[in-house]
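Scroll down for the structure; my scribbles are underneath it.
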Amino acid sequence: MGEYTDVLKRLVMYRKSLGMVQTEVAKKVGIGQEMYSYIENGSIKISGELLIEFMRIGCSTDELIAGKEYNYEADDLEAAVNSIAAEEDRNFALKLLAELIVNKCGRKRESITGETADNMLMLDALSKSWDNFSMTCFVRKKLLLSQIDMAERLGLGIKKYRAIERETIYPDAETLFSLYDMSHYRPILFMNMKDRKIQILKSIWGIFTSAEKEKLLKYAVYSAEIFGQEV
């Protein structure tokens, strides 16, 4: 377990790695130096919107919150999905891949353990709800908590918590750290970025052989090209 102060230390380290003073970073993310100083010393929380600004200048949310990066070898997956021209068809291919993987892994789930097993649970939840998937809701249900209990554990009012669970607002950095601390799921996944679905798929991709990956991709891409926009 860590502390939110560790996030602030990493923020300071990131700024120093750029060779910048507070004024320079503050200008890059669109705030004043005084406010930035309050953020670094913990008087003001890093808002969800400001996390997005930090990402824009190259600061990794995963590194900032979890203190580590998540690098999955999945160039073939990204290349295959990106080869599909229409966004609707790409979404169709991703959903089909998720369902195929859940089905395939379901038959040998007892052999999948650790972080991979946790990621499989996440992929299973994503495949069932897809466009309505909420990472925070998934974690809450996995922990068998009510919304009120989850809000209390995060130190939030129920109204704000429900907005985060509906993903109508981004969690601030302190809330995001707490979500990571209680679940150990990749922090950026709680932010509902555009590529979240493929990032979740990438977290499982490494368990397959090259031959299995090729078959999965061929089937998903071919199906998307033939049936994608019709479904």
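Without hydrogens or angle criteria, Arg90 side chain to Asn82 main chain gives no donor-acceptor distance under 3.5 Å. Panel note: side chain Arg56, backbone Lys28; a donor-acceptor pair is recorded below 3.5 Å.
Side-chain contact of Asp172 with Thr175: a donor-acceptor pair under 3.5 Å is present, judged by distance alone. Donor-acceptor pairing under 3.5 Å is lacking for the side chains of Asp181 and Ser178. With 3.5 Å as the limit, one finds a donor-acceptor pair spanning the side chains of Ser43 and Asn41.
Relative orientation of the Phe177 and Tyr180 rings is tilted, given thresholds of 30° and 60° on the angle between their planes. Using cut-offs of 30° and 60° on the angle between ring planes, the pair Tyr36 and Phe54 is perpendicular.
The shortest side-chain heavy-atom distance between Ile57 and Tyr14 falls under the 4.5 Å cut-off. Within the 4.5 Å cutoff, the side chain of Lys95 has no heavy atoms near those of the Asp131 side chain. Side chains of Phe138 and Leu121 form a contact here, defined as non-hydrogen atoms less than 4.5 Å apart. No side-chain heavy atom of Leu18 sits less than 4.5 Å from a side-chain heavy atom of Glu24. Here the side chains of Lys213 and Leu77 are not in contact, with every heavy-atom distance at 4.5 Å or above. Within the 4.5 Å cutoff, no side-chain heavy atoms of Lys160 are placed close to those of Leu154. The closest side-chain heavy-atom distance from Glu3 to Asp6 is below 4.5 Å. Taking 4.5 Å as the limit, every side-chain heavy atom of Ile207 sits out of range of all side-chain heavy atoms of Glu212.
A salt bridge links Glu165 with Arg140: the distance from a Lys NZ or Arg NE/NH1/NH2 to an Asp or Glu carboxylate oxygen falls below 4.0 Å. Ion pairing between Asp62 and Lys68 fails under the 4.0 Å rule for side-chain N and carboxylate O. Salt bridge annotation for Asp124-Lys128: present, with a cationic side-chain nitrogen under 4.0 angstrom from a carboxylate oxygen.
Both Ile169 and Leu179 belong to a common hydrophobic cluster when Ile, Leu, Val, Met, Phe, Trp and Tyr are linked at side-chain heavy-atom distances under 4.5 angstrom. Placement of Trp130 and Ile84 in two distinct hydrophobic clusters is found when ILVMFWY residues are connected by side-chain heavy-atom separations under 4.5 Å, directly or transitively. The same ILVMFWY cluster, assembled from side-chain heavy atoms under 4.5 Å apart, contains both Leu100 and Leu217. Hydrophobic clustering of Ile, Leu, Val, Met, Phe, Trp and Tyr side chains at less than 4.5 Å, counting indirect connections, unites Leu123 with Phe133.
Annotation: Glu214, atom CD; neighbour count of heavy atoms from other residues, nucleotides and ligands within 6.0 Å does not exceed 12.
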As a quick check of understanding, evaluate side chain to side chain donor-acceptor pair (under 3.5 Å) for Asn132 and Ser129, giving each step before the final call. CA-CA 5 Å; Asn132 296 316; Ser129 53; over 6 Å; no
Checking ring-ring contact (aromatic ring centres under 6.0 Å, His included) for the pair Tyr185/Phe190: CA distance, chi angles, key distance, verdict? CA-CA 9 Å; Tyr185 281 108; Phe190 291 94; 7.3 Å; no
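Put simply, CE on Met191 and CG on Leu189 are 11.0 Å apart, with the number rounded to the nearest 0.5 Å.
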